[in-house]
Amino acid sequence: MSRYAATDVEARWQEAWDKAGIFRARRDAERPKYYVLEMFPYPSGRIHMGHVRNYTMGDVVARYKIATGHNVLHPMGWDAFGMPAENAAMASGGHPKDWTYANIADMRAQMKPLGLSIDWSREFATCDPEYYGQQQALFLDFLEHGLVYRKNAVVNWDPVDMTVLANEQVIDGKGWRSGAEVERRELTQWFFRISDFAEELLEALDTLDDWPAKVRLMQENWIGKSRGLQFAFSLIDGPEGHDRIEVYTTRPDTLMGASFIGISPDHPLAKRLEAERADVAAFCAQARKGGTTAEAIEKAEKLGFDTGLRVRHPFDTAWELPVYIANFILMDYGTGAIFGCPGHDQRDHDFCAKYDLPILDTFLPIDAEHDIQAAPFVPLKSERVRYTRLVAGDEVQTGEVGVNAAIDFCEANGVGQGVTKFRLRDWGLSRQRYWGCPIPVVHCDTCGVVPEAKENLPIRLPDDVSFDAPGNPLDRHPTWRDCACPRCGASARRETDTMDTFVDSSWYYARFTAPDAATPTDMAEAEYWMNVDQYIGGIEHAILHLLYSRFFARAMQICGHLPDKAIEPFDALFTQGMVTHEIYQTRDVAGRPVYHLPEEVYWRDGKAFVQAQVSFDGQSVKVDEDAVVVEVEVIPSAKMSKSKKNVVDPSTIIAQYGADTARWFVLSDSPPERDVEWTASGAEAAHRHLSRVWRIAAEIAQSDAPASPEDETLLREMHKCIDEVTKGIDSFGFNAAIARLYAFTNTLAKSQAGQAAKSTAARTLAQLMSPMTPHLAEDIWAMLGGQGLVTTAPWPQPDPAMLIDDTVILPIQINGKRRAEISVPSDMPKSEVEKLALAHNAVVKALDGAQPKKIIVVPGRIVNVVL
RNA sequence: GCCCGCGUGGUGGAAUGGUAGACACAGGAGACUUAAAAUCUCCAGGCCCUCGGGCCGUGCCGGUUCGAGUCCGGCCGCGGGCACCA
């Protein structure tokens, strides 16, 4: 008997599926539709194990849904714009477009051998002009509907590379590429009005029952709804036009503990003073320095500048408070001004200590001493406190009640009003980059900012650009900017900013429903295919991508590009874990880590070793055979990265074992939402198991064993397996489903049943395995005379009668501890079971003639005798 | 600082409040073989044992329950998200 030759077999079945066209999705009113989507990849050039895991999970779902009679849409595309392409161009002198399309071709070639049930006829890349042209059309529609606007905003500006940097690209206050000190600069940028949807995006989270609670919570926190009081302090002798300072607070119950007013360096009052006074200007310049990252902020010293101005406290006009400009106050949250309450806030306490301002309390612990001068008293909102001053009254109550009472009191006394604020800010989409979707607007001297005419779309990126100088190549292009004003026809300039790449990924799922449509979507197709029934991807996109997509779906619905039902585009979301791998590390003489490839490491007595590495001047030099052997430090469960030398290339694995092995392994060892560690032995074991299944099936195909009493037992096991595997796949319990398949394989291997029963069992096993290991399943199915393709064969149904055993083994507990067991017919009435249990030796012995206090019989489960 | 999640054998993990450790990895013993590979069989939480079994055991302490890995409260540890957010 020959062995299972995975690679040949897999290529053959992929061809068969292709020929049969079974993954081509077409509208069909007869069958229920099912849209399964995995987050599309960035075309870096190589697929990695994370991709394999992600797309395999999607494929399991897709194939299962095909087998259960659904009309499945399972598309694939490329998130193809972005900085790596430009960086590669700058480094090697190529063109981002060539680099990107070459990478797409490479990755597609690596992906196809996985045997995914993808409808490749729908494939597109976001850098295709056909795609980004439709994105430009969407932008124009958004503009018309007031969903996008232009305003000045403070950004991280790299003065050397001459571009805006995302917060993630600012490290220690310096640009990640140039190393230059990042400046906060005000630029005119385009923004999506996502904050207008804050309330709706928050409330709709409650409807997303099939999303992970964790993701919903993260979005909830990101949107950051808060309720507080907005009111004004009147300014004494302020500059003209500045007679009050508006502040927002979530703790109005601390209003009587105010010590100072703080305003942002970007506050209109600060700017006014800055224009008039050199000392203020110097301070503001100092305060604006440094990035806006968490890290930069953490290190920055809290600085204040006393403007000399004073305000009056709203509840006591004789009470005057100083106005400081402070570097820690943000202009784009609340009103850009705060009142400082040192008694109940650590930062304000530090600030007041530093600038010698009074520290007052407004409430204290109920039954403990607290020295407010030494430290602020910061209770939880739910903690009960003893109020000591006005506004919330002087009763004992929780902070939460105090806040509400304070808002009511202030409103009743004409001091401000209760307001709701959100942390969510509008989404700045302008990027000073070449490799992105051009923003389709024109700057005209007479007409101002004018939307491009739709018939001029797509506004294509020029191919002839150079990356030899910093800044945006579109800005430097000799002719690309020149155009005619769509409104007056005079010569005008194109906008050279491109869109944030998150825009590209915010609507691709909708485009897949009609990838060739002449408008962004085709409503008939969208009506049929939307929503995505199952979306699968990494938790790292829990906030930005998923929130942006939710916003985009709403915006597209408003513009008539999506049906009403699609405002929440993803019905179910699954976030899968990473594929990790051990790191093998030694150290050179300077103590710096040296990493070793898995194949350099060998194991003895559970310890890992490599040939010694000797280092001269930090250069690691490998010494020859008879050199010292060095024990390696093994760091488990690490993210795969080239620099740590712990990357496993899927293509290598597929060449060695076949795709089914890789697919089986990434699903088998851990629950899908958790990380899974890739191990060579695990992969080998997976391969060994698949070969075994094939061998068992091949033996069955050639056997002529007659029917036997064992048949019934085997078929009962089979139906239980169908039931459990089906439930496992339905609930994303792929690892549990696979464990069940292992168990059933063992049963089948040992069974003495006849050929007919075994053949049925093996064909069913092939069906149950087909979502995970489709090639092997087809091969077995064909070998055992299955009709057509196993991929399209109807999913097996468990026979309920076969799921119930005639007899069950019932454990008997005495006082909750397992002491014995009895075998009883599964339909035996409780009273009979009780009698049997009481008659059992162990029970009689334990009772010692006494009556039991209580007997609990859980049919089919357990008996508990309480003494 | 605020919010959330998770702690089960040597390892990954399984277990609608009902026999804890399924299934697998690594390990051990054996069969087949001249040998190896491949394959197959068996063992395997810990501690005792008169070989029937007994005691302990799901991070720690307590609670609810006939019964808790699972529910509740507190602690310890690890991981994740957010954060000059007023």
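Convention: sequence-line order gives letters A, B, ...; per-chain numbering from 1.
With B/rG12, B/rG81, B/rA86 as the choices, the nucleotide that has an atom nearest any side-chain atom of A/Ile543 turns out to be B/rG81. The nucleotide whose nearest atom lies closest to any side-chain atom of A/Arg347 is, among B/rC84, B/rC66, B/rU19, B/rC84. Among the nucleotides B/rG18, B/rG13, B/rC85, the one closest to any side-chain atom of A/Ser670 is B/rG13. Which of B/rC40, B/rC82, B/rG80 sits closest to the side chain of A/Lys214 comes down to B/rG80. Among the nucleotides B/rU19, B/rA24, B/rC25, the one closest to the side chain of A/Arg688 is B/rC25. The A/Lys750 side chain lies nearest to B/rC42 when the options are B/rC42, B/rC25, B/rU19. Across B/rC66, B/rG54, B/rU19, the shortest atom-to-atom separation from the side chain of A/Glu821 is found for B/rU19. Here the nucleotide nearest the side chain of A/Thr249, chosen from B/rC66, B/rC84, B/rA86, is B/rA86. You'll find that the side chain of A/Ala739 is closest to B/rC23, out of B/rA14, B/rC56, B/rC23. Listed candidates were B/rC25, B/rC3, B/rC85. Nearest to the side chain of A/Ser681 is B/rC25.
Using the Watson-Crick or G-U wobble rule with both distances under 3.5 Å, B/rA15 pairs with nothing in any strand shown. Look at B/rG62: its Watson-Crick or wobble partner, with both distances under 3.5 angstrom, is B/rC72. With both pairing distances under 3.5 Å, B/rA86 is matched to nothing as a Watson-Crick or G-U wobble pair. As the counterpart of B/rG77, B/rC6 is assigned, both hydrogen-bonding distances of the Watson-Crick or G-U wobble pattern falling under 3.5 Å. Across all strands shown, the partner of B/rA29 is B/rU41, judged by Watson-Crick or G-U wobble contacts whose two distances both fall under 3.5 Å.
When heavy atoms are screened at a 4.0 angstrom cut-off, A/Arg425 is found touching base atoms of the nucleic acid. Residue contacts for A/Asn735: at a heavy-atom cut-off of 4.0 Å it reaches the sugar-phosphate backbone alone, with no base atom in range. As judged by a 4.0 angstrom heavy-atom cut-off over every strand, A/Tyr742 is placed among residues touching the sugar-phosphate backbone only. Within 4.0 Å (heavy atoms only), A/Arg740 reaches no atom of the nucleic acid at all. A/Val858 comes within 4.0 angstrom of a base, heavy atoms only. Among the heavy atoms of the strands lying under 4.0 Å from A/Ile329 is at least one base atom, whether or not backbone atoms are also near. Using a 4.0 Å heavy-atom criterion, one finds that A/Gln813 contacts the bases of the nucleic acid, with or without backbone contacts as well. Residue contacts for A/Lys817: at a heavy-atom cut-off of 4.0 Å it reaches the sugar-phosphate backbone alone, with no base atom in range. Nucleic acid contact for A/Asn815: none, since no nucleic acid atom lies under 4.0 Å from a heavy atom of the residue. Residue contacts for A/Pro671: at a heavy-atom cut-off of 4.0 Å it reaches the sugar-phosphate backbone alone, with no base atom in range. Nucleic acid contact for A/Ala685: sugar-phosphate only, since backbone atoms but no base atoms lie under 4.0 Å from a heavy atom of the residue.
The distance from the CG atom of A/Leu269 to the CD1 atom of A/Ile261 is 11.0 Å, given to the nearest 0.5 Å. Between the NZ atom of A/Lys853 and the CG atom of A/Leu867 there is a distance of 8.0 Å, given to the nearest 0.5 Å.
Both A/Leu217 and A/Val865 sit near RNA chain B, but only A/Leu217 has its closest nucleotide nearer the 5' end.
Here the side chains of A/Leu360 and A/Thr362 are not in contact, with every heavy-atom distance at 4.5 Å or above. Here the side chains of A/Leu765 and A/Ile696 are not in contact, with every heavy-atom distance at 4.5 Å or above.
Side-chain N/O atoms of A/Asn864 and base N/O atoms of B/rC66 include a donor-acceptor pair closer than 3.5 Å. The base of B/rC84 lies close enough to the side chain of A/Lys302 for a donor and an acceptor atom to sit less than 3.5 Å apart.
Here B/rG46 is in the anti range [glycosidic angle more than 90° from 0]. More than 90° away from 0 lies the glycosidic angle of B/rG74, which makes this nucleotide anti.
Taking only side-chain nitrogens and oxygens, A/Arg674 never comes nearer than 4.0 Å to OP1 or OP2 of B/rG5.
Ionic pairing of A/Arg53 and A/Asp675 is not present here: no N-O contact between side-chain nitrogen and carboxylate oxygen is shorter than 4.0 angstrom.
With A/Tyr248 as the aromatic partner, A/Lys421 meets the cation-pi criteria of under 6.0 angstrom to the ring centre and within 45 degrees of the ring axis.
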Please report the C-alpha distance between A/Lys214 and A/Ile539 in whole Å, then the side-chain angles of each, then the deciding distance to 0.1 Å, and finally whether the side-chain contact (heavy atoms from CB on, under 4.5 Å) criterion is met.
CA-CA 9 Å; A/Lys214 185 190 168 110; A/Ile539 186 78; 3.9 Å; yes
